[in-house]
Number of protein chains: 2
Amino acid sequence: MEKVTMADVAREAGVSKSTVSQYLNKRYEYMSEKTKQKIEMAIDTLGYQPNFLARSLKQKRTSLIGIIVANITHYFSTEVSRAIEDFFHQYDLQTIVCNADDDPDKEKKYIEMLRAKQVDGLIIFPTGKNNELYESMINQGYPVVFVDRKVENLDVFSVITDNTESTCKAIQHFIENGHENIAFAVQPLTVSTRIERLEGYKKALNDAGLEVNPNYIIEASIPEMKKKLEELFSLDVKPTALFAANDRVFIALGEFLKEKGMKFGKDLDVVVFDNIPFSQMLETTLSFIIQPAAKMGTKAAELLYQQIRKEDHDPEVFVFPSDIK
Amino acid sequence: MEKVTMADVAREAGVSKSTVSQYLNKRYEYMSEKTKQKIEMAIDTLGYQPNFLARSLKQKRTSLIGIIVANITHYFSTEVSRAIEDFFHQYDLQTIVCNADDDPDKEKKYIEMLRAKQVDGLIIFPTGKNNELYESMINQGYPVVFVDRKVENLDVFSVITDNTESTCKAIQHFIENGHENIAFAVQPLTVSTRIERLEGYKKALNDAGLEVNPNYIIEASIPEMKKKLEELFSLDVKPTALFAANDRVFIALGEFLKEKGMKFGKDLDVVVFDNIPFSQMLETTLSFIIQPAAKMGTKAAELLYQQIRKEDHDPEVFVFPSDIK
DNA sequence: TTGTAAGCGTTATCAA
DNA sequence: TTGATAACGCTTACAA
């Protein structure tokens, strides 16, 4: 299998390798109809399939774009990926997706692999834990765009949501509706998105002249989340509203409420920050902060394409507003 | 950028290319500590990054696995992909995911691209519309496994769910609960999964001695689905239960019911065939048929790995049971 | 213990 | 209009 090479085709067709190469690259200008047909036949009878590896080695580009997502089962990531793919499809660039699984080691491996495979550019949902590697890419002028999460002290094109702003708005909404005891649940503050959302929460409270009660802020990993919620709802003054900083927190919360026989909307007002598939099928008493995934993906793709084409722009951070629904 | 080659490193370190190559491949056996350090330093100061393209060209393998999913935003696909990735991670094979978007042309392009890039093997959620291409891969002994969908007349390793069986059981459940007017909604019958689910529906009715009423079977594309549902619920004898053949049908159904002010469980009993993220957060009156995505992914990966290692097995179809929840 | 040289399957340059 | 031939960056006998 896979041993038929251009040389075989050339021999079979009775022409030289270079002529076959011309044919394959559709440079027919000076090619006689007869040669064309001979080559066509030879390819057919031998079942020849070109080896792009060899071509790329020579041409120094692969026409491939790499996406490294933090978590491939996260709906937002797949929506963004699809938009990126749609964008590059029009330029005949193909897209491959790798899943870093929120693991900095895996992320590193994939970045190195994709670069070593000479992928033309990279769009990354960074874990934020490989700064040296990020820096070296950027310093070497390798085309790269970051999505979803900001990395501090790094001059790189980034596409993110207004995490602080939209969280702030959601909390203001709670306040307008008469809530005073508003809780905030988040996973460990290891990435910018979580930190910024917490900032938005605090800002809204401050702006409204409400006190930030540390007991109402839960920072816990998913397995610990339920225990912390237990504590939260054992307080003398229980919260009447809660902000779930992402979809996984939301799931933990849902399980907790179910166990306690509590209901969204009735016993607790809830806003979730994330694009949840099927959210339209969920109880209408819930609110969601929806990021414009498709637009963000397209923007990231554009930014990468500029770099690949060596258009000169200074790295910028593009912030997209999100919708509360 | 990216112009530092092994030759540069060799020059900088004052050794030959082959020695550098030895070093990179960790064949230290006969290497003096001094040479090792010299090379290490040279790599560091030059910022050398190996070009895997060149290596793969020589070695004729890439240590890369390709997954071609029909729809990357489909939760089931991402779950399967993750399991595949986890499996190969232990063997230091990396995984890339491409999204065919249920488009046979895109699927073809990706298959050809990945093969041309010398990917070591392919796991495909087939559109079912590229039979010639599938055949040529298989005949050439290229490692490939199909997931989720069966393709007729093709002797290939496949990993699928017992679509007929589990649909049948779900319908039996309806019948046991006293339902007699059970509807079935599905997208156009272009892939095996949909066809088999319909078969299961018919089988259950037949087994129970109930008549299959063609008016209760809706086969429509998603945009047309609501209109067809409208017709269904204008019948004199309206269905009291409905089987949604996948998640997208489910969404259309949800929108329809909302518009009509109808409620799941109260006005209509519903079973959905698909892994829906957050299904535990949805109304408890709904049932879901859940495919064992992780197990299926692992199995597919094992089957591919066997082929890559040239272990001799005859193609088989592995059918997994699914759960009703 | 290290170096030389051929080769992997293409493309590109230039000559014929 | 087509063909030699030299790259591309690496691996691998084999020689030294």
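Chain A is the first sequence line, chain B the second, and so forth, proteins listed ahead of strands; every chain is numbered from 1. Since we're looking at a predicted model, the values are computed, not measured.
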Answer yes or no on whether B/K36 is positioned over the face of B/Y28, meaning its NZ or CZ is under 6.0 Å from the six-membered ring centre and within 45° of the axis. yes

Measuring from B/D155:CG to B/D314:CG, what's the distance to the nearest 0.5 Å?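 The CG atom of B/D314 is 7.0 Å from CG of B/D155, to the nearest 0.5 Å.
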
Does [X] place a side-chain N or O at less than 4.0 Å from the phosphate oxygens OP1/OP2 of [N]?
X	N	result
B/Y48	D/dC10	yes
A/T5	C/dC8	no
B/T19	C/dT2	no
B/K60	C/dG9	yes

Under a 4.0 Å N-O cut-off, is there an ion pair linking A/D102 with B/R82?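 Result for this pair is no, no salt bridge flagged.
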
I'd like to check A/I84 versus A/V97 (side-chain heavy atoms, cut-off strictly below 4.5 Å). Are they in contact?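 Heavy-atom side-chain distance check fails, nothing below 4.5 Å.
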
Checking all strands, does A/M6 fall into the base, sugar-phosphate, or nothing category for heavy-atom contacts under 4.0 angstrom?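 A/M6: base contact, heavy atoms under 4.0 Å.
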
Is there a donor and acceptor pair closer than 3.5 Å between the side chain of A/K17 and the base of C/dG9?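 When only heavy-atom distances are counted, A/K17 does not reach the base of C/dG9 through any donor-acceptor pair under 3.5 Å.
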
Hey, does the side-chain of B/S18 have a donor or acceptor N/O within less than 3.5 Å of a partner on the base of C/dT4? yes

Taking the nucleotide of DNA chain D with the nearest heavy atom to each, does B/R27 or B/L53 sit closer to the 5' end? B/L53

